[in-house]
> 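Let me begin by handing over the structure; questions about it come next.
None of the values given here were measured: they were computed from a predicted structure.
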Amino acid sequence: MSKYGIIVLVDKCAGCHACAIACKEENQVAPGIFYERIRRFENAEARYINYFRASCQHCENPACMKVCPAKAIHKGPAGEVLVDEEKCIGCQMCARACPYGVPQFNTSGNTNYFGDKMPLAVRDLEPWQKHRAGRAEHCTLCTHRTSQGRPPACVEACGIGAMVWVDYENPTKDTEKLIAAAKMMNKAAGTEPKVRYIARHMDVEKYPLKL
């Protein structure tokens with residue numbers, strides 16, 4: 001069995017947004033919806049500015065799953081936290097429970113980025129690119145890619161190696177060291193996120209990540 005996550009090397013991130021753009025393209029979410037965003041944290045004492053990706057943390061103990069009355073939130077084959085948009089009733093209880101403020105709700109009515117005006121050059125949408133307005137959405141850890149042995153789109157797009165796709169159950173020699181050094185964001189929430197961070201100039205465990 002595998003248990004996937006991402007280690008974010010905060011000190012390497014340049015805030016270029018390549019990962020966020022790749023995510024948007026990969027999932028074709030509606031305008032205004034971002035599964036991944038770039039956050040900025042300033043450490044005035046160290047005179048250092050941190051940039052890092054923020055998304056669903058794919059928690060081992062997800063708060064959103066516990067409160068969903070429609071049982072629309074579940075775990076994927078490698079521990080990904082996923083939303084069944086067919087079951088979701090749009091009550092937004094997951095958004096209120098999530099300590100990271102991750103779930104998003106598209107109120108524009110568009111079911112993908114282009115709506116009903118798809119350019120001729122765009123291929124037919126894949127299943128993971130079709131969304132339902134008003135239902136909960138967030139990063140899926142690109143389960144459609146990882147299930148084929150491919151890294152998430154954001155990791156693949158990062159040209160400076162600021163993110164590493166890891167398998168917590170089957171670490172390599174290199175990822176084992178990263179996993180040991182990485183810290184959980186907002187650790188006090190007790191959700192045990194599988195997206196973790198390594199940073200010299202910010203206290204990751206106390207940072208209250210909110211999208």
Side-chain angles (χ1 to χ4, degrees), residues 3-6 8 17 19-41 51-113 115 127-144 146 152-154 163 183-197 202 204-211:
K3 188 181 293 182
Y4 295 143
I6 293 175
V8 182
H17 288 74
C19 57
I21 294 169
C23 174
K24 187 88 171 177
E25 173 68 20
E26 182 75 19
N27 293 288
Q28 289 294 313
V29 292
I33 301 294
F34 285 89
Y35 289 177
E36 178 178 332
R37 296 182 181 178
I38 302 302
R39 284 288 175 252
R40 171 188 169 117
F41 175 80
Y51 295 94
F52 54 92
R53 75 165 331 252
S55 74
C56 175
Q57 301 288 284
H58 295 283
C59 302
E60 190 66 15
N61 183 31
C64 57
M65 188 185 298
K66 294 178 180 179
V67 302
C68 179
K71 306 299 181 186
I73 301 172
H74 62 284
K75 286 190 178 182
E80 314 93 329
V81 177
L82 305 173
V83 178
D84 184 337
E85 292 185 23
E86 294 293 329
K87 291 183 178 180
C88 177
I89 58 175
C91 67
Q92 302 194 19
M93 288 184 67
C94 56
R96 291 190 286 272
C98 176
Y100 305 100
V102 165
Q104 298 177 69
F105 295 82
N106 166 26
T107 57
S108 70
N110 292 330
T111 56
N112 60 74
Y113 188 78
W128 60 86
Q129 296 173 328
K130 298 175 182 178
H131 311 284
R132 300 192 64 178
R135 312 299 170 89
E137 296 183 56
H138 60 63
C139 162
T140 65
L141 207 63
C142 281
T143 186
H144 60 280
T146 59
C154 59
M163 291 182 289
K183 296 183 178 180
M184 303 177 189
M185 191 74 75
N186 193 2
K187 186 177 180 180
T191 60
E192 299 183 45
K194 293 191 287 295
V195 175
R196 300 178 186 176
Y197 301 78
M202 61 182 291
V204 173
E205 294 182 333
K206 294 183 178 179
Y207 188 81
L209 175 64
K210 285 285 185 181
L211 281 180

> Excluding sequence neighbours, so at least two apart, what forms ring pair (Phe, Tyr, Trp, His ring centres under 6.0 Å) with H144?
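Residues passing ring pair (Phe, Tyr, Trp, His ring centres under 6.0 Å) with H144: W128.
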> Which pair of heavy atoms, one from G32 and one from Q104, lies closest together, and at what distance?
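Nearest heavy atoms, G32 then Q104: O-OE1, 4.2 Å.
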> Assess whether a salt bridge exists between E205 and K183, defined as any Lys/Arg side-chain N lying under 4.0 Å from an Asp/Glu carboxylate O.
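Salt bridge between E205 and K183, a charged N being under 4.0 Å from a carboxylate O: no.
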> Is it the case that the side chain of H131 and the backbone of E85 share a donor-acceptor pair, with hydrogens and angles ignored and the cut-off at 3.5 Å?
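No, because the side chain of H131 does not come within donor-acceptor range (under 3.5 Å) of the backbone of E85.
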> Got a donor-acceptor contact below 3.5 angstrom from the H138 side chain to the P103 backbone?
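It does not hold such a pair.
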> Can a donor-acceptor pair be found, under 3.5 Å and without considering hydrogens, that links the side chain of Y100 to the backbone of M185?
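Yes; at least one donor-acceptor contact below 3.5 Å.
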> If you round to the nearest 0.5 Å, how far is CD1 of I6 from SG of C154?
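If we round to the nearest 0.5 Å, C154:SG and I6:CD1 are 4.0 Å apart.
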> More than 12 heavy atoms of other residues, nucleotides or ligands under 6.0 Å from NZ of K187: is that the case?
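For K187, atom NZ is not crowded (no more than 12 foreign heavy atoms under 6.0 Å).
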> Can you name the residues that form a side chain to side chain donor-acceptor pair (under 3.5 Å) with S108, not counting sequence neighbours?
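Partners of S108 under the side chain to side chain donor-acceptor pair (under 3.5 Å) test: N106.
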> Going from CG on L141 to SG on C56, what distance comes out if it is rounded to the nearest 0.5 angstrom?
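L141 CG to C56 SG: 8.0 Å, rounded to 0.5 Å.
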> Check G134 against F105 and note the closest heavy-atom contact, atom names and distance.
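Looking at all heavy atoms of both residues, the closest pair is O-CD2, 3.5 Å.
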> Locate the shortest heavy-atom distance separating A136 from C94; write the atom from each residue and the value.
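For A136 versus C94, the nearest heavy atoms are CB-SG, 4.0 Å.
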> If you compare all heavy atoms of V29 against all heavy atoms of I33, which two are closest, and at what distance to 0.1 Å?
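So the minimum-distance heavy-atom pair works out to CG2-O, 3.2 Å.
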> Distance check, rounded to the nearest 0.5 Å: Y35 atom OH versus E26 atom CD?
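The OH atom of Y35 sits 11.0 Å away from the CD atom of E26.
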> Would you say the side chain of Q57 lies within less than 4.5 Å of the side chain of T191, judging by non-hydrogen atoms?
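Not touching, per the 4.5 Å side-chain cut-off.
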> Please check if the side chain of K24 supplies one atom and the backbone of E36 the other of a donor-acceptor pair under 3.5 Å.
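Answer holds: no.
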> Can a donor-acceptor pair be found, under 3.5 Å and without considering hydrogens, that links the side chain of Y197 to the backbone of R53?
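Yes; judged by distance alone, with no hydrogens or angles, the pair exists.
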> Rounded to the nearest 0.5 Å, what separates atom CZ in R135 from atom NZ in K87?
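The distance works out to 13.0 Å.
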> Roughly how far, to the nearest 0.5 Å, is CZ of F34 from CD1 of I21?
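Spacing of CD1 (I21) from CZ (F34) equals 8.5 Å.
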> So, the side chain of E192 versus the backbone of G190: is there a donor-acceptor pair under 3.5 Å, distance only?
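It does not hold such a pair.
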> Give me the atom names and distance for the closest heavy-atom approach of I38 to C19.
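Taking I38 first and C19 second, the nearest heavy atoms are CD1-SG, 3.5 Å.
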> Do any side-chain atoms of residues 62-79 form donor-acceptor pairs under 3.5 angstrom with protein atoms, and if so which ones, sequence neighbours left out?
unit_1: K66; atom_1: NZ; unit_2: N61; atom_2: OD1; d: 3.4
unit_1: K75; atom_1: NZ; unit_2: E60; atom_2: O; d: 2.5

> Flag the pair K194 and E80 as a salt bridge only when some basic side-chain nitrogen lies within less than 4.0 angstrom of an acidic carboxylate oxygen.
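No, this pair does not count.
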